[in-house]
Amino acid sequence: MLQQTTVATVTPYFNKFIRAWPTLTALAGADLDDILRVWAGLGYYRRAKLLHEAARILQADFKGHFPDDEAVLRSLPGIGVYTAAAIAAIAFDKPANVVDGNVERVMARLFLVDEPLPHAKKTLRGLAATLVPSRRPGDYAQALMDLGATVCTPRAPSCSACPWKRHCRAFALGKEGVFPRRRVQKAKPIRKTTAFVLLNDRGDVLLRRRPSHGLLANMMEVPTSPWHKGEAFPQEQDFACTPAKAVWTKCPGVVRHVFSHFILEAVVFKAVVRRKHSGTWVSLADLDKQALPSVMEKIIRRACLS
DNA sequence: TACACGTGGAC
DNA sequence: TGTCCAAGTGT
């Protein structure tokens with residue numbers, strides 16, 4: 001859960017998740033959709049699928065026990081270089097080189113690494129490796145990440161409180177604010193779509209399941225037109241995508257949602273039908289129990305508030 | 001190697 | 001409103 005996600009964001013999801021599946025056996029036996037319902041809103045949904053697959057493999061091939069070897073851990077789905085090292089260090093107290101974004105920043109400042117990220121990752125990893133202790137490596141790994149998260153912060157680091165201030169080359173030069181250097185990232189393209197929120201007189205909304213690969217895989221959505229790259233909208237052919245013949249009313253404004261690599265702008269249309277169409281109808285009161293990504297919740301909210 | 005893959009908080 | 005970026009991984 002913590003991959004590319006802050007502790008503050010993860011905490012409530014973790015608590016709900018661990019209550020639902022307290023053991024590896026429970027998780028291995030769960031349905032993916034139930035896992036996605038709890039994961040909904042957290043993002044990077046493939047993590048949930050890979051975690052589920054890892055649980056099943058651990059159950060089937062490892063007698064329900066995590067291996068303590070990094071290379072073996074690395075073979076499990078969703079466990080990459082960082083997570084394998086973190087498990088080895090924190091769970092098994094092995095001297096693994098645990099390098100996350102925090103550690104990269106600490107090393108870049110400590111050793112004054114001028115090379116920009118992400119190219120500098122290999123260099124920073126090598127520098128971090130020189131500091132891994134043989135004594136209490138698990139505590140060291142967590143202390144180093146916490147140092148980055150709470151003291152050696154991206155902006156306005158608390159250098160005066162830093163236990164490493166006398167060793168930090170960036171601090172010595174008063175340049176802690178400019179490290180780590182980063183390559184400028186390119187602007188996100190804008191995609192546009194028309195979304196159709198179909199409601200019925202019982203307070204239900206029509207949803208459908210997204211494909212099992214790609215963006216928001218296996219999650220639920222309201223029907224939308226294909227997501228165009230930049231053309232004006234709504235386009236006439238978008239209305240070939242309506243889920244039912246009905247009187248469609250345009251909701252005011254545009255729903256704008258920022259994904260990791262593009263921005264989506266959705267014009268929302270709504271309609272209310274009386275008769276029951278086929279399809280998956282979900283009570284608006286139960287939307288928080290669905291595998292509904294944030295962007296779709298935002299679109300439905302726009303329709304209901306207009 | 002570079003890109004796909006979500007979301008929200010801080011400033 | 002825009003930018004950064006967070007306990008990264010898979011392809």
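First the proteins, then the strands, lettered A, B, ... as listed; each starts at 1.
A distance of about 16 Å separates the C1' atoms of C/dT1 and B/dG8, rounded to the whole Å. Spacing of P atoms, B/dC3 relative to C/dA7, comes out at 24 Å, to the nearest Å. C/dG10 sits 13 Å from B/dT1 when the C1' atoms are compared, rounded to a whole Å. Nucleotides C/dC4 and B/dG6 place their C1' atoms 15 Å apart, quoted to the nearest Å. Annotation: B/dC5 and C/dC5 have their C1' atoms spaced 15 Å apart (nearest Å).
Cluster partners of A/Ile57, by chain and number: A/Leu24, A/Leu58, A/Phe62, A/Phe66, A/Val72, A/Leu73, A/Leu76, A/Ile79, A/Ile87, A/Phe92. The rule joins Ile, Leu, Val, Met, Phe, Trp and Tyr whenever side-chain heavy atoms lie under 4.5 Å apart. Hydrophobic cluster membership of A/Val247, counting Ile, Leu, Val, Met, Phe, Trp and Tyr whose side-chain heavy atoms lie under 4.5 Å apart directly or via other members: none, as it forms a cluster of its own.
Listed pair A/His257 / B/dT7 meets the phosphate criterion, a side-chain N or O lying under 4.0 Å from OP1 or OP2. The side chain of A/Tyr45 contributes an N or O atom lying less than 4.0 Å from OP1 or OP2 of B/dT7. Residue A/Thr6 places no side-chain N or O under 4.0 Å from the OP1 or OP2 atom of B/dT7. For the pair A/Arg256 and B/dT7, the criterion of a side-chain N or O lying under 4.0 Å from OP1 or OP2 is not met.
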Result block: side-chain N/O donor-acceptor pairs under 3.5 angstrom for residues 162-181 of chain A, not counting sequence neighbours:
residue: A/Lys165; atom: NZ; partner: A/Ser160; partner atom: O; Å: 2.8
residue: A/Arg181; atom: NE; partner: A/Asp114; partner atom: OD1; Å: 2.7
residue: A/Arg181; atom: NH2; partner: A/Asp114; partner atom: OD1; Å: 3.3

Which donor-acceptor pairs under 3.5 Å do side chains of residues 137-147 of chain A form with protein atoms, sequence neighbours excluded?
residue: A/Asp139; atom: OD2; partner: A/Arg136; partner atom: NE; Å: 2.9
residue: A/Asp139; atom: OD2; partner: A/Arg136; partner atom: NH2; Å: 2.9

Under 3.5 Å, side-chain donor or acceptor atoms of residues 36-43 of chain A against the rest of the protein: list the pairs with distances, not counting sequence neighbours.
residue: A/Arg37; atom: NE; partner: A/Asp33; partner atom: OD2; Å: 3.0
residue: A/Arg37; atom: NH1; partner: A/Lys289; partner atom: O; Å: 3.2
residue: A/Arg37; atom: NH2; partner: A/Asp33; partner atom: OD2; Å: 2.9
residue: A/Trp39; atom: NE1; partner: A/Gly43; partner atom: O; Å: 3.0

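Going from atom CE of A/Met145 over to atom P of C/dC5 covers 19 Å, rounded to whole Å. One atom, CZ of A/Arg105, and another, C1' of C/dC5, lie 9 Å apart when rounded to the nearest Å. With rounding to whole Å, A/Gln3 atom CD is found 12 Å from C/dA6 atom C1'. Whole-Å rounding puts the A/His213 NE2 to C/dG10 P distance at 15 Å. A straight line from CD of A/Gln185 to C1' of C/dC5 spans 9 Å, rounded to a whole angstrom. Atom CG in A/Leu42 sits roughly 16 Å away from atom P in C/dA6 (whole-Å rounding). Distance CG (A/Asn102) to P (C/dC4): 18 Å, rounded to an integer number of Å. Taking atom CG of residue A/Leu117 and atom C1' of nucleotide C/dA6, one finds them 13 Å apart after rounding to whole Å.
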Would you list the protein and nucleotides 2-4 of chain B atom pairs, both N or O, that sit under 3.5 Å from each other?
residue: B/dC3; atom: OP1; partner: A/Lys186; partner atom: NZ; Å: 3.3

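Under 3.5 Å, the side chain of A/Tyr82 and the base of C/dG8 form no donor-acceptor pair of N or O atoms. Judged by distance alone with a 3.5 Å cut-off, a donor-acceptor contact links the side chain of A/Thr5 to the base of B/dG6.
Remark: A/Arg74 pairs with no residue by the salt bridge (charged side-chain N to carboxylate O under 4.0 Å, His left out) rule, at least two apart or across chains. Residues satisfying the side chain to side chain contact (heavy atoms under 4.5 Å, CB included) test with A/Ile18, not counting sequence neighbours, are A/Phe14. Shown here are the ring-ring contact (aromatic ring centres under 6.0 Å, His included) partners of A/His257, two or more places apart in sequence or in another chain: A/Phe259. Residues forming a side chain to side chain contact (heavy atoms under 4.5 Å, CB included) with A/Ala244 (at least two apart in sequence, or on another chain): A/Leu198, A/His277.
The aromatic rings of A/Phe196 and A/Phe269 are tilted relative to each other, their planes meeting at an angle between 30° and 60°.
Taking the nucleotide of DNA chain B with the nearest heavy atom to each of A/Lys122 and A/Gln4, the more 5' of the two is matched to A/Lys122.
Interface residues of residues 217-229 of chain A facing DNA chain B, ordered by number: none; criterion, heavy-atom separation under 4.0 Å. Residues from residues 287-306 of chain A that place a heavy atom under 4.0 Å from any atom of DNA chain B, listed by number: A/Pro293, A/Ser294, A/Val295.
Heavy atoms of A/Pro77 sit under 4.0 angstrom from primed sugar atoms or phosphate atoms, though from no base atom. Residue contacts shown for A/Arg183 are absent, as no nucleic acid heavy atom lies under 4.0 Å away. Residue A/Val7 is classed as having no contact, given no heavy-atom separation below 4.0 Å to the nucleic acid. Within the 4.0 angstrom heavy-atom criterion, base atoms lie near A/Arg155.
You'll find the side chain of A/Val99 stays beyond 4.5 Å of the side chain of A/Met107, heavy atoms only.
How far OG1 of A/Thr249 is from NZ of A/Lys270: 7.5 Å, rounded to the nearest 0.5 Å.
Under the 3.5 Å distance criterion, the side-chain polar atoms of A/Arg105 are matched with a main-chain donor or acceptor of A/Gly148.
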